[in-house]
Amino acid sequence: MHDLRWIRDHAAEFDRGLARRGLPPAVDRILTLDRAWRAAETRVQEAQARRNRLAREIGAAKKRGDPVELLLRQSNEDKDTETSAGAEATRLRSEIDDILTGLPNLPAAEVPDGPDETANRVLYHHGEPPRFDFTPLSHEAIGERLGMMDFARAGKLSGSRFVLLRGALARLERALGQFMLDLHTTEFGYSEVSPPLLVRDEAVFGTGQLPKFAEDLFRTTDGYWLVPTAEVPLTNLVAGELLDESALPLRLTAWTPCFRSEAGAAGKDTRGMIRQHQFEKVELVSITRPEDSAAEHERMTACAQEVLKRLGLAYRVVVLSTGDMGFAAQKTYDIEVWLPGQGTYREISSCSNCGAFQAQRMKARYRPAGGKGTLPVHTLNGSGLAIGRTLIAILENFQRHNGTVVIPAVLRSYMGEQEAIEPAG
RNA sequence: GGAGGGGUGGCCGAGUGGUUGAAGGCGCACGCCUGGAAAGUGUGUAGACGGUGAUGAAUCGUCUCGCGGGUUCGAAUCCCGCCCCCUCCGCCA
């Protein structure tokens, strides 16, 4: 959510930012409401100030035994003013908040402008896509041939966009989660968290999925939301808190299932396990001082890339254009892994710097050391990595002609020192 | 689910109708002490919002003792509703 005071002082810049997002100007409306709200607020406060003074005078007069009729009548007049102006102030303020909570974060200056993903800019590549002396199969073909990836049974249980893994593939999923968590905690300073997967409205509002994107989420009958990403619980850990500067940066990681209704994705990626209602992911979240978030964003993206480097997977890093960024992000890097079965790069991680946007929604602040006052923290989140898609990448990149799949060396200690996945006997 | 207890400042913890925005402690900041540090000691130390103003100097005002409403001239203190936490019982992975 945007800081109203910042908008007052940067009106043109604000509308320019919205325009880069393809949105109409909003400042005129906001500032008109803001002026009316402040005027009403002032009237309320003046009436309150008078009433406070009268209350003291009435107390003193009663003690002396003086008549208080006149004072009481004045006090009641002020109370009427307070009530009517107060109602108006509340109405105006909630209208302002409704507008503010529906507007996305403004893009950082260096983010490329464009209407959609076609304007994303590839920054660099790492690694060479493998060459095959046979036609590489898609991951679902490999998985089904191994007898370890079962869409039919999953469909029986749950319908489309679910999968069931067995044997070595189930273990591979677990190995990937372990490997990623161990890397981030022991080498990159993230501390491991095992968070709730059902959260309340406020948490999902804080990270920006609510109120606009409720249709992308699953909701329980008693009002909980299933987390679409561990970003929600991890980031909201600091909601409402006033942190010491010495506590920053805070680096958190969690391996959790993620639940997404994929309401707007009808017909997209219907084959295979690219896009599921439920998938595993290791998430990275950083809470930083404002001046550190840009560097932290680079660091976080590097941490995510390191997973792919150690697995030996080719990838490229893309900076998303203004038209492709998420609601809360001011800048996003996507990491795309090479998938031989599709002959293309596909997103496997998305690392975003949300600046103060989420912090303002969830009222997460810190106190600068020595200084006075408080500032909103900056929040960042990134996949490190999406486990389901990493599993896909391993199957497609390390498949062999005979239908077996080589297990990357760094995973073997988690796989009972197996070197390859063989068809189920 | 049943019964009971409780939610106060960055943290702990007093406070049951009137200068209590709130005692005390911890923490923190600055000073004294010290060769330096610890200990000791002194002083200071909430946030949000609005007004004025050179826009975060200063100053005035309002709000905030879980949230929302009510009683009252006046509420952290009384009443109602809601949320959350804890204890015991029941149930249970």
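Just so it is clear, the model here is predicted, and its values are computed rather than measured. Naming: A, B, ... by sequence-line order, numbering from 1 per chain.
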Using the [atom1] atom in both, what is the distance from [N] to [M], to the nearest Å?
N	M	atom1	result
B/G15	B/G27	P	23 Å
B/A57	B/U41	C1'	32 Å
B/A46	B/A39	C1'	30 Å
B/G2	B/G18	P	37 Å
B/C12	B/G74	P	33 Å
B/G61	B/G21	P	14 Å
B/G66	B/G90	C1'	29 Å
B/G24	B/G13	C1'	8 Å

Starting at [atom1] of [X] and ending at [atom2] of [N], how long is that distance when rounded to a whole Å?
X	N	atom1	atom2	result
A/Gln45	B/U62	CD	C1'	4 Å
A/Arg5	B/U55	CZ	P	14 Å
A/Leu4	B/A48	CG	C1'	13 Å
A/Gln360	B/G47	CD	C1'	16 Å
A/Glu82	B/C73	CD	C1'	13 Å
A/Arg51	B/A75	CZ	C1'	12 Å
A/Glu41	B/C49	CD	P	11 Å
A/Leu242	B/C11	CG	P	8 Å

Complement of [N], any strand, by Watson-Crick or G-U distances under 3.5 angstrom:
N	result
B/C30	B/G42
B/A76	none
B/A57	none
B/A48	B/U62
B/A23	none
B/A3	B/U87
B/G17	none
B/C92	none

A/Thr42 side chain, from C-beta outward: closest of B/G74, B/U62, B/G50: B/G50
Proximal nucleotide (of B/A48, B/G51, B/U62) relative to the A/Gln48 side chain: B/U62
Which residues share a side chain to side chain contact (heavy atoms under 4.5 Å, CB included) with A/Glu173, sequence neighbours left out: A/Leu165, A/Glu280, A/Ile387, A/Leu391
Side chain to side chain contact (heavy atoms under 4.5 Å, CB included) partners for A/Ala203, two or more places apart: A/Val199, A/Val232, A/Asn236
OH (A/Tyr224) with more than 12 external heavy atoms under 6.0 Å: no
Phosphate-side-chain proximity, [X] and [N], N/O vs OP1/OP2 below 4.0 Å:
X	N	result
A/Arg367	B/G47	yes
A/Arg38	B/G51	yes
A/Thr374	B/A48	yes

A/Glu215: partners by salt bridge (Lys or Arg N to Asp or Glu O under 4.0 Å), with sequence neighbours left out: none
With sequence neighbours excluded, residues passing salt bridge (Lys or Arg N to Asp or Glu O under 4.0 Å) with A/Arg219: A/Asp201
Pair A/Phe162 + A/His277: ring centers closer than 6.0 Å: yes
Answer with base, sugar-phosphate or nothing: what part of the nucleic acid does [X] contact at a heavy-atom distance below 4.0 Å?
X	value
A/Leu375	base
A/Arg50	nothing
A/Trp37	sugar-phosphate

A/Asp244/A/Arg367 ion pair, N-O < 4.0 Å: no
What does the list of N/O pairs under 3.5 Å between the protein and nucleotides 77-86 of chain B look like, with a distance for each?
unit_1: B/C84; atom_1: OP1; unit_2: A/Arg200; atom_2: NH2; d: 3.0

From A/Leu248, A/Thr235, A/Leu242, residue fulfilling side chain to side chain contact (heavy atoms under 4.5 Å, CB included) relative to A/Val377: A/Leu248
Side-chain (A/Asn120) to main-chain (A/Ser321) donor-acceptor, under 3.5 angstrom: yes
5' priority, RNA chain B, between A/Arg8 and A/Arg365 [closest heavy atom]: A/Arg365
Contact nearer the 5' end of RNA chain B, comparing A/Asp9 with A/Asp3: A/Asp3
Residue pairs fulfilling salt bridge (charged side-chain N to carboxylate O under 4.0 Å, His left out) with at least one residue in residues 253-274 of chain A, sequence neighbours excluded: A/Glu140-A/Arg271, A/Glu262-A/Arg275, A/Asp269-A/Arg275, A/Asp269-A/Arg346
